[in-house]
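Side-chain atoms are counted along with the backbone in the values below, which use heavy atoms only and exclude waters and symmetry mates. Numbered from 1 within each chain, the chains take letters A, B, ... in sequence-line order.
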Amino acid sequence: MNAKNQKQQSGKPKTAIQPTREENYAEWYQQVVKSAEMAETSAVRGCMVIRPWGYAVWENIQRGLDDMFKATGHQNAYFPLFIPLSYLEKEAEHVEGFAKECAVVTHHRLESDGEGGLKPAGELDEPLVVRPTSETIIGATFAKWIESWRDLPLLINQWANVVRWEMRTRLFLRTAEFLWQEGHTAHATKEEAVEETLRMLEVYREFATNWLAIPVVTGEKTKGERFPGAENTYCIEGMMQDRKALQAGTSHFLGQNFSKAQEITFADQDTNIQHAWTTSWGVSTRLIGGLIMTHGDDDCMIMPPRVAPSHIVILPVLHKEETRDAVLAYCEQLAEDLRAQTYDGRPVRVEIDKRDLRGGEKSWQWIKRGIPLRAEVGPRDMENDAVFVGRRDRGHKEKETVQRQAFIDGIGAQLGEMQDAMLAKATAHRDENMIMIDTKEAFYAYFTPEREGTDKQPAPIHGGFAMTHFSGDVELEEQIKKDLAVTVRCIPTEGQGLPGQDEPGTCPFTGKPSAGRVVWAKSY
RNA sequence: CGGGGUGUAGCUCAGCUUGGUAGAGCGCUUCGUUCGGGACGAAGAGGUCGCAGGUUCAAAUCCUGUCACCCCGACCA
């Protein structure tokens with residue numbers, strides 16, 4: 001069904017994109033990615049082109065996180081894209097976990113196939129794996145760098161692309177190639193390594209909450225969901241608007257598994273040779289998918305100001321030739337004054353859209369991109385020394401005239417308010433859809449879609465985060481996954497104020513004792 | 001990798017059942033009228049119908065294979 005048909009179909013309000021979230025959430029997501037001009041599919045299967053408006057978001061994410069990594073003592077470095085196959089083979093669980101999704105380079109040149117085409121030639125002695133993650137190649141380097149306890153801790157981060165040959169891909173959420181950062185650290189003691197793992201988990205929580213306005217639950221993964229080769233995996237889990245969970249970042253305590261596999265050893269203060277304790281942690285362009293699914297609405301994207309590529313667009317109303325130059329000059333001055341203001345410790349990011357397009361069309365394009373503020377400026381505003389302002393997290397007709405100077409002076413505060421409002425809204429949605437469940441029947445009912453009307457279609461959006469006691473049986477978790485496609489998202493870490501989290505109780509599925517509640521949900 | 005669906009103009013799609021040599025809307029270009037809100041009129045450009053075979057006098061249409069994308073599973077950040 002095309003947009004036109006849908007528009008004519010009924011009296012419902014016209015939305016900037018179709019379908020609405022309620023009608024078809026998965027399709028809505030794809031329309032946002034496309035219509036907000038963030039990314040598109042490419043000629044290469046499973047790989048995306050990140051467009052300037054989407055890439056600018058990634059640059060802001062990088063900047064914010066990188067500052068936090070530096071502030072916690074980490075340094076950036078860069079390691080090879082290619083990993084010798086033998087490296088990957090060293091850690092048994094690790095290989096098993098990644099083997100199925102590795103791209104492998106077997107040749108190093110091309111030659112003519114005699115029919116006008118090219119064929120690979122020069123077979124490599126040892127195949128190279130395109131990194132799916134860099135524990136092994138960085139571990140091998142660490143083994144060379146570390147000799148003494150004085151070399152520890154070693155705190156390294158890499159910004160890079162990785163490749164995981166996934167069966168099914170979705171822009172930003174799961175692509176064959178994606179951009180991410182991976183932190184890798186080595187420590188003298190287990191305690192220090194665990195502390196590092198939790199420190200970076202907290203950095204991720206802080207970033208997701210205060211930069212992306214995505215409220216997250218932090219916690220530990222169950223054995224079945226753990227990173228291949230890790231002792232413990234911790235994660236941040238956000239709730240999307242369809243109430244499914246999105247794993248938005250992970251932090252792994254790797255114990256001595258990788259240091260033993262790769263001989264990362266050091267001489268301690270008693271001259272004994274010891275294996276180091278390592279960690280790794282990462283977030284990826286998937287965060288942008290989380291941003292879309294947390295904040296977007298039926299009119300497309302809404303950017304939290306802190307990571308928005310631009311904060312405000314000035315839309316000059318230029319159709320009268322005699323006022324054109326004056327309006328433009330007024331807009332230029334306004335832009336200059338706004339840029340002199342700061343938000344989040346940096347100059348306000350301002351655009352002027354002078355393109356010769358119809359006002360409505362232009363305005364809708366910026367609405368779809370999710371820019372926080374739109375200022376329409378025409379002769380009338382100029383006469384009143386005012387601007388006509390719309391805020392993206394409010395209705396598109398809810399615009400108001402503001403005195404120019406008051407608007408300029410208040411822009412930083414207004415962006416801050418919008419950032420806070422977005423977090424508050426997302427948090428309320430999360431809290432509304434978080435429930436404590438104490439019986440197996442109630443649990444199964446909660447995750448079984450309700451049928452509505454006569455068409456027998458499952459309710460498209462249902463469920464949420466269910467907190468139950470849990471005995472920890474791997475088989476039970478498997479069974480529930482099979483029955484309902486629901487998994488334990490995490491065993492929440494303490495002190496998040498989650499209801500009943502730390503109270504002991506009884507597992508509703510097995511009747512066995514349980515130390516505390518875990519979070520169950522369907523997930524991406 | 002299993003089940004389902006779709007590939008036709010830049011985009012969204014019709015045409016396929018019943019084979020006869022390419023259509024619409026949007027977008028784009030030009031001109032005019034408009035313009036505080038996703039305009040209207042006129043003219044114009046644009047496609048070897050995903051790809052490869054086969055059947056046929058003739059294939060977008062029928063058959064086989066193949067590739068890509070989407071949805072549901074399995075896998076996963």
**Prompt:** Taking OP1 and OP2 of B:G38, is either one under 4.0 Å from a side-chain nitrogen or oxygen of A:R358?
**Reply:** yes
**Residues A:F79, A:H184; criterion ring pair (Phe, Tyr, Trp, His ring centres under 6.0 Å); working and verdict** = CA-CA 11 Å; A:F79 299 84; A:H184 295 270; 7.6 Å; no
Mind calculating the distance between [atom1] ([X]) and [atom2] ([N]) to the nearest angstrom?
X	N	atom1	atom2	result
A:Y234	B:A77	OH	P	17 Å
A:K397	B:G38	NZ	P	11 Å
A:H396	B:G38	NE2	P	11 Å
A:N384	B:G36	CG	P	18 Å
A:E40	B:U12	CD	P	12 Å
A:D356	B:U29	CG	P	11 Å
A:K368	B:G38	NZ	C1'	8 Å
A:L171	B:C69	CG	C1'	11 Å

Return yes if a side-chain donor-acceptor contact under 3.5 Å exists between [X] and [Y], otherwise no.
X	Y	answer
A:R131	A:N161	yes
A:Q333	A:R404	no
A:T493	A:T218	yes

Nucleotide forming a Watson-Crick or wobble pair with [N], both distances under 3.5 Å:
N	answer
B:U55	none
B:G44	B:C28
B:G38	none
B:G23	B:C13
B:C69	B:G5

Say you pick atom [atom1] in [N] and the same atom in [M]; how far apart are they, in whole Å?
N	M	atom1	answer
B:U8	B:G50	P	6 Å
B:A9	B:G47	C1'	5 Å
B:G19	B:A59	C1'	6 Å
B:G4	B:G27	C1'	32 Å
B:U17	B:C69	C1'	26 Å
B:U66	B:C13	C1'	25 Å
B:U33	B:U21	P	43 Å
B:U12	B:C71	P	14 Å

**Request:** Could you tell me whether A:A16 contacts a base, only the sugar-phosphate backbone, or nothing, with contacts defined as non-hydrogen atoms closer than 4.0 Å?
**Result:** base
**Request:** Could you check whether A:S284 gets within reach of a base, just the sugar-phosphate, or nothing at all, counting any heavy atom under 4.0 Å?
**Result:** base
**Item:** Among B:G36, B:U12, B:A39, the nucleotide that comes nearest once only the side chain of A:K34 is considered
**Value:** B:U12
**Prompt:** What pairs with A:H429 under ring pair (Phe, Tyr, Trp, His ring centres under 6.0 Å), at least two apart in sequence or on another chain?
**Reply:** none
**Prompt:** Who are the ring pair (Phe, Tyr, Trp, His ring centres under 6.0 Å) partners of A:Y204, not counting sequence neighbours?
**Reply:** none
Nucleotides 71-76 of chain B: which of its N/O atoms have a protein N/O under 3.5 Å away?
| from | atom 1 | to | atom 2 | distance (Å) |
| --- | --- | --- | --- | --- |
| B:C72 | OP2 | A:R168 | NH2 | 2.5 |
| B:C75 | OP2 | A:K481 | NZ | 3.4 |
| B:C76 | O2' | A:E166 | OE2 | 3.0 |
| B:C76 | O2 | A:R174 | NE | 2.0 |
| B:C76 | O2 | A:R174 | NH2 | 2.5 |
| B:C76 | N3 | A:R174 | NH2 | 2.5 |

**Message:** For A:F388, does the six-membered ring have the charged nitrogen or CZ of A:K399 within the cation-pi criterion, i.e. under 6.0 angstrom from the centroid and within 45° of the normal?
**Reply:** no
**Prompt:** Is the NZ or CZ atom of A:R369 both under 6.0 Å from the centre of the six-membered ring of A:W53 and within 45° of that ring's axis?
**Reply:** yes
**Asked** Heavy atom of residues 46-64 of chain A under 4.0 Å from RNA chain B: which residues?
**Response** A:G46
**Message:** List the residues meeting side chain to side chain contact (heavy atoms under 4.5 Å, CB included) with A:A230, not counting sequence neighbours, and say none if there are none.
**Reply:** A:R226, A:F227, A:T233, A:H252, A:L254
**Message:** Suppose we screen for side chain to side chain contact (heavy atoms under 4.5 Å, CB included). Which residues come up paired with A:A326, at least two apart in sequence or across chains?
**Reply:** A:M382
**Complete:** From the list A:N76, A:I61, A:D66, A:N157, side chain to side chain contact (heavy atoms under 4.5 Å, CB included) partner of A:Q181 resolves to A:N157
**Message:** Let me spell it out: for each of A:R489 and A:W364, pick the nucleotide of RNA chain B with the closest heavy atom. Which residue's pick is nearer the 5' end?
**Reply:** A:W364
